[in-house]
2 protein chains.
Amino acid sequence: MDDTDDTDDTPGRKPRMATMEALSVAIGVSRPTLSRYFQDPSRLKPSTCERIRQGLERVEYVPNFFATRMNRKSTGMIGVIIPYLNDLFFTRLLESIEIAAMRRGYTVIVQCSHSDPAIEARAAETFLSMNVDGALVAPLGNNSDYEVHERLNARMPFVLVDSRPRSMSDVDFVGTDHRQSTSLITDYLCRVGQPPAFLAMPRVNFNAMAREQAYIGRMKELGHEPTVIGTEPIRDDWLFEAHGQGVLEGQFSRGAFTDRSILCVNDRVAIGALRAAARHGLRPGQGAEGGLRIAGHDGYPLCPFVTPALTTIAQDVTGIGRAAIDVLVKKIRGENTETSPHIQLFAGALKVRESA
Amino acid sequence: MDDTDDTDDTPGRKPRMATMEALSVAIGVSRPTLSRYFQDPSRLKPSTCERIRQGLERVEYVPNFFATRMNRKSTGMIGVIIPYLNDLFFTRLLESIEIAAMRRGYTVIVQCSHSDPAIEARAAETFLSMNVDGALVAPLGNNSDYEVHERLNARMPFVLVDSRPRSMSDVDFVGTDHRQSTSLITDYLCRVGQPPAFLAMPRVNFNAMAREQAYIGRMKELGHEPTVIGTEPIRDDWLFEAHGQGVLEGQFSRGAFTDRSILCVNDRVAIGALRAAARHGLRPGQGAEGGLRIAGHDGYPLCPFVTPALTTIAQDVTGIGRAAIDVLVKKIRGENTETSPHIQLFAGALKVRESA
DNA sequence: ATATCTTTTTTACGTGCGGAAATGTTAGAC
DNA sequence: GTCTAACATTTCCGCACGTAAAAAAGATAT
C-alpha cells in the first residue's frame, strides 16, 4: 500500500502496478502513450500496441477510476434513480436499462429512493457531484420534491421514465401509454362480461392516477357508468397486495362486487384482489358462473403463476428501458435533433389468461 | 460550463460555484479551511463555521466526488454485487444492506451480475478501480469465477452474503443456517402429515444444494426415506416458478406426488408448485383431504397473497443485511478482533399458513 | 544522403481536492 | 506590555491521470 515504487509483488500472483507511471516503466513505453492506449488503441502503431498488450498480460493493473474520470469531459456514467426495489416491475425496468447502457459502453450508477423523498434528493446530489453524463429518473410519486428533478434536468441530460409528474410535462419522457393500455383492457372486459369497476390506489402515484382517469374516460366513451373503489388507504404502511386484498375483502364481506368485473390499477393490487376472492370462496374467471372477473395491469412476472392466472396488460418494460437509454445517450452526445420535449409512449399488450 | 471564473450565475437561481476555490473567494475564507469545514466542522472556530454556513446558504455548491475521493485514504464507498435483480429475496436483501450502509455513512455502489459471470467479473474490476473501502458479494452460483472473488478478498475488506461457494470456506460469511431452517420445516411437515418429498432445482446454486443436503440429512435422522425431484432442468432459460410448475405437472399427470407433502427448495419454486396443483384440480393444504401439502423456503413477500397462502421458512433478510454491513464496516475500520473467518448464520422462522 | 512524414517521447500544465507543515492569530500568564 | 502556548488559517505539495505542445526518433520516399 505504501510502496514507493508503486508496485506490489505478492508472491504467486502477477506483480500489481498501482499507477500508470509504474506500468509505463515496466512495459517500456511512456505514460502518455499508455494513456492513449487505454482510450483508443487504434491511435497507436500496431507494433506498439502489441508490445503494450503483452506487457499487460504479465502484470496486474487497473486504472484509477477517479483520476481518469476527473479530467475527461465525459465520465461515461449514467445515473439512474428508481423509487423502490421491492417491485419486480422496477427491477425488470432497471435490468433492461442496465443492459442497454452497458451495450452503449456506459457504467450505470443506481440509486434507490426507498420511498423516501429525502433519499431521492440525496441521490440527485450524488449524481451532481459525480458528474454523471446524464440521469434517468423514475420519480417517487406525489411525494417527490420536484425541485430535485428540475435541478438535475437543468444541469445535465435528463430523461424521466415510467412516471411523469404533471408539473414536468416539458421534460423528455419514456413510458407506457396508459390511455391506450387501460382502454384496451377496459374494452376487453366490457366485451366479455359486465363493464368493470376500477380498484384504485391512494393518489400517491401518477401512473395510478393516469390509469384511473383513463378508465373513467373510456367507460364514459362506451356509455357505461365508471365505478372507482380503493382510493382510501387501508392503513399507512400499505403494500400494494395488502391494499387490494383489504379493499376487496371489505366489499365482499358486504356482498358487494362479488359478481362484477374488477379492473385493478396494477398486478400487485390484483394479486391481493385474487386473494380476497379466494378467501371469500369466490372463483373469478373467464367463464365464471358468478360473473366475477379480475384483471390487472403491468405484466408482473408472476401473473402466469397465480391461480387463477392473471389477465393483464403487459407493459413493454424492455422497450421502455432501451428507448430511455437511447434518448438519454442521444442527449448526452448532443444529437438532439428531434422535437422537444421528446415524449415516447409504448403501447401495452393484452394478456388474456384465466382470471378475466 | 466553460466559465473561467468557476461560477455560473443562472438568473433566478443561486449562483453555482464549480470549485472549492471559487467558493472560498466568494465566502472569504481560504480553500483548505473550507476543506476542513466539509470534513469536520468542529475543527474550526465556531465563528468561522457560522460564516461559512451563511455563505453556503447564498450559493450552490456540491464538492466534486472524484477529487474528494482520490486523495482520501477512505472513499466512503461499499461495493455490493448481487446475482440478479428479478427476485424479491435479493431486492429485500439489497434494501436492508443499503439502509444499513447509509446509516453508517457509506455510499453503496450496486452492481448486478445479471446471471452472467463475465458481468460479475467486470463489477469486481469496477470496485477495484473505484477503490471502494470494501465489498459485499452475493455470488452467482456454480457459474461464478471464484478467482474474481479471491482477488477482491485479497485486496480489500470482503464479506460473502447469502451464498457461499465451497471453495471459499475461509472467507467471512453472513447468511442463513440452512441446516437449521430446512430441518425446522422438515420436522414440521413430518409432524403434520406424511414425510415430505423435496422439490429441488438444478445444481446451479449453493443454497439450493445446501437445503437439499439438509433435507436428506434430516430425513435420515428422522428415519424417513428422502425423495428428491426436480434436479433436472426443464428447459434452458428456466425461471424458478416455471421450473416448479413444470416438474410437478409432469409428476401429477403421472399421478405421482398427488397426496404427499412437498418441500420446495424456495418460495418461487413453491409458487410454481401451487400453480401445478391448481391446474390439476388439487387443493394442497393443512387439512387437505388428499394429503397434498406444499411448503417453500425464504419468506418471499408474496407468500401470504397466493392461494393457498404459502407455508414457508422466513429468512431474516434484514438481520442478514445489517450483520453483513456490520462485519464489513468492522473489517474496514480494522476492528477485526474476532475469530477468523467470521461465519454468521441466521436462523429461519417457520411461517405456518394454509398450504401445509 | 537528404527531405518529409509518422509515431513516440518529453515536458509541462491542468483537474479539484486532501494533508502536512508553516504561518498567523489569539488568549492567558507573567 | 511582553512572552508563550494553543489554536486557527494559509501555503504548498501531492494524488493519478488527461491533454497539449514541442522535441526526438523512426520510417519512407526522393
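Order of the sequence lines sets the chain letters (A, B, ...), proteins ahead of strands, with each chain counted from 1. All values reported here derive from a predicted model rather than from experimental measurement.
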When rounded to the nearest 0.5 Å, the distance separating CD of A/Glu57 from CD1 of A/Ile52 is 13.0 Å
Between B/Ile52 (CD1) and D/dA8 (P), how many Å, whole number? 12 Å
Cation-pi check for B/Phe65 against B/Arg69: NZ or CZ below 6.0 Å from the six-membered ring centre and within 45 degrees of the axis, yes or no? yes
5'-most contact on DNA chain C: A/Met70 or A/Val29, nearest heavy atom basis? A/Val29
Would you call B/Lys45-B/Glu50 a salt bridge at under 4.0 Å N-O? no
Rounded to whole Å, please give me the gap between CE in A/Met17 and P in D/dA16. 13 Å
Mark yes or no for whether B/Ser113, through its side chain, and B/Asp116, through its backbone, hold a donor-acceptor pair below 3.5 Å. no
Under 4.0 Å protein heavy-atom contacts per nucleotide of nucleotides 17-25 of chain D, with B for base, S for backbone only and - for none: BBB------
Nearest 0.5 angstrom please: B/Thr33 OG1 to B/Ile27 CD1, how far? 10.5 Å
Whole angstroms only, please: what is the CZ-C1' distance between A/Arg51 and C/dT8? 10 Å
In whole angstrom, give the distance that lies between atom NZ of B/Lys45 and atom C1' of D/dC7. 9 Å
I'd like to check the ring-ring contact (aromatic ring centres under 6.0 Å, His included) partners of A/Phe173; sequence neighbours left out, ordered by chain and number. none
Rounded to whole angstrom units, what separation is found between the CZ atom of A/Phe66 and the P atom of D/dA16? 12 Å
Separation of B/Phe65 atom CZ from D/dA16 atom P, in whole Å? 18 Å
Are A/Thr33 and C/dT9 close enough that a side-chain N or O sits under 4.0 Å from OP1 or OP2? yes
Nucleotide C/dT26, atom C1' - distance to CG of B/Leu44 in whole Å: 15 Å
